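As the structure is a prediction and not an experimental result, all values here were calculated from the model.
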Amino acid sequence: PGNELIEALAPLPGEMVVHKPGKGAFWDTGLHERLTAAGVTHLLFAGVTADVCVQTSMREANDRGYTCLLVSDATESYFPGFRDIVVDMCTAQGAIVGWAAPSADVCARLEAAKAKGFAAVLPKGEDATSCRQQ
């Protein structure tokens, strides 16, 4: 009721689903422990609402030492202009919380990293732990 995943975005088998009881993705969810166990150090943020859940989760991640990037055109607010304010707040003072970039730039950089062997598309059900360098 109101928070169900739509079929087109349903997780694949083995994909992590986080059930968050509050506004942030890290409080009382075990997300930090799961990401740490998988060797994750960098996170991309997108979603609704920029000024509540997205910003709270990004700040929580930054406080835990993750490098954060807000995909600026993949998040929105119910209030006109709030998304832009969140982007400005998160990137102020030399990226105090993290960086921001539009999805076209993010996708282009990921494709370039993949082409140079710095990134990979994982098969369904495989997690990032299999990609860590020894």
Side-chain angles (χ1 to χ4, degrees):
N3 66 348
E4 296 295 320
L5 295 170
I6 61 171
E7 188 175 328
L9 298 176
L12 298 172
E15 282 189 321
M16 184 186 313
V17 176
V18 176
H19 299 278
K20 59 186 190 69
K23 294 170 182 67
F26 287 85
W27 181 74
D28 200 27
T29 63
L31 179 60
H32 176 59
E33 294 76 15
R34 292 168 78 181
L35 293 173
T36 299
V40 174
T41 58
H42 293 64
L43 299 173
L44 301 178
F45 288 85
V48 175
T49 56
D51 46 312
V52 183
C53 298
V54 175
Q55 180 179 202
T56 300
S57 296
M58 190 168 170
R59 288 177 182 277
E60 288 178 335
N62 176 266
D63 285 345
R64 286 163 176 80
Y66 294 96
T67 300
C68 302
L69 186 130
L70 177 61
V71 185
S72 57
D73 60 347
T75 188
E76 196 50 81
S77 173
Y78 295 111
F79 302 101
F82 276 26
R83 181 199 60 198
D84 295 337
I85 292 168
V86 168
V87 171
D88 289 344
M89 288 171 39
C90 289
T91 60
Q93 300 178 15
I96 192 166
V97 177
W99 289 266
S103 58
D105 290 353
V106 172
C107 290
R109 296 289 174 108
L110 289 172
E111 285 296 326
K114 181 178 149 192
K116 292 180 180 179
F118 295 114
V121 175
L122 300 176
K124 289 181 182 180
E126 188 175 325
D127 67 24
T129 56
S130 65
C131 294
R132 281 190 272 175
Q133 292 185 359
Q134 303 299 324

Inset, instruction - Check whether Ile96 and Val54 end up in the same hydrophobic cluster, where Ile, Leu, Val, Met, Phe, Trp and Tyr are linked by side-chain heavy atoms less than 4.5 Å apart. - result: yes
Inset, instruction - Group every Ile, Leu, Val, Met, Phe, Trp and Tyr by side-chain heavy-atom contacts under 4.5 Å, then state whether Val48 and Phe79 land in the same group. - result: yes
Picking from [options], what satisfies side-chain contact (heavy atoms from CB on, under 4.5 Å) with [X]?
| X | options | result |
| --- | --- | --- |
| Phe45 | Ser72, Cys68, Cys90 | Cys68 |
| Val86 | Val97, Thr91, Asp51, Thr75 | Asp51 |
| Leu43 | Leu35, Leu69, Leu31 | Leu35 |

Inset, instruction - Check whether more than 12 heavy atoms from other residues, nucleotides or ligands sit under 6.0 Å from atom CZ of Arg109, and answer yes or no. - result: no
Legend entry - Exceeds 12 heavy-atom contacts within 6.0 angstrom, atom CD of Gln93: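 Not more than 12 within 6.0 Å, no.
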Using every non-hydrogen atom in the two residues, find where [X] and [Y] come nearest and quote the distance to one decimal.
| X | Y | value |
| --- | --- | --- |
| Val71 | Ala46 | CB-CB, 4.5 Å |
| Val17 | Arg34 | O-NH1, 3.7 Å |
| Arg64 | Glu60 | NH1-O, 3.0 Å |
| Lys20 | Ala25 | CD-CA, 3.9 Å |

To the nearest 0.5 Å, how far apart are [atom1] in [X] and [atom2] in [Y]?
| X | Y | atom1 | atom2 | answer |
| --- | --- | --- | --- | --- |
| Thr49 | Gln55 | OG1 | CD | 9.5 Å |
| Arg83 | Leu70 | CZ | CG | 9.0 Å |
| Met58 | Asp63 | CE | CG | 11.5 Å |

Inset, instruction - Can you label the angle between the Tyr66 ring and the Phe26 ring as parallel, tilted or perpendicular, going by 30° and 60°? - result: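 Rings of Tyr66 and Phe26: tilted, 30 to 60°.
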Inset, instruction - Could you tell me whether the side chain of Ser57 and the main chain of Gly24 form a donor-acceptor pair under 3.5 Å? - result: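 Checked: no pair found.
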Inset, instruction - For Asp73 and Pro102, indicate whether the former's side chain and the latter's backbone hold a donor-acceptor pair under 3.5 Å. - result: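 No, Asp73 side chain to Pro102 backbone: no donor-acceptor pair under 3.5 Å.
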Legend entry - Set of residues satisfying side chain to side chain donor-acceptor pair (under 3.5 Å) with respect to Thr29, sequence neighbours excluded: none
Legend entry - Side chain to side chain, Arg59 and Met89, heavy atoms closer than 4.5 Å: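 Counting from C-beta outward, Arg59 and Met89 do come under 4.5 Å.
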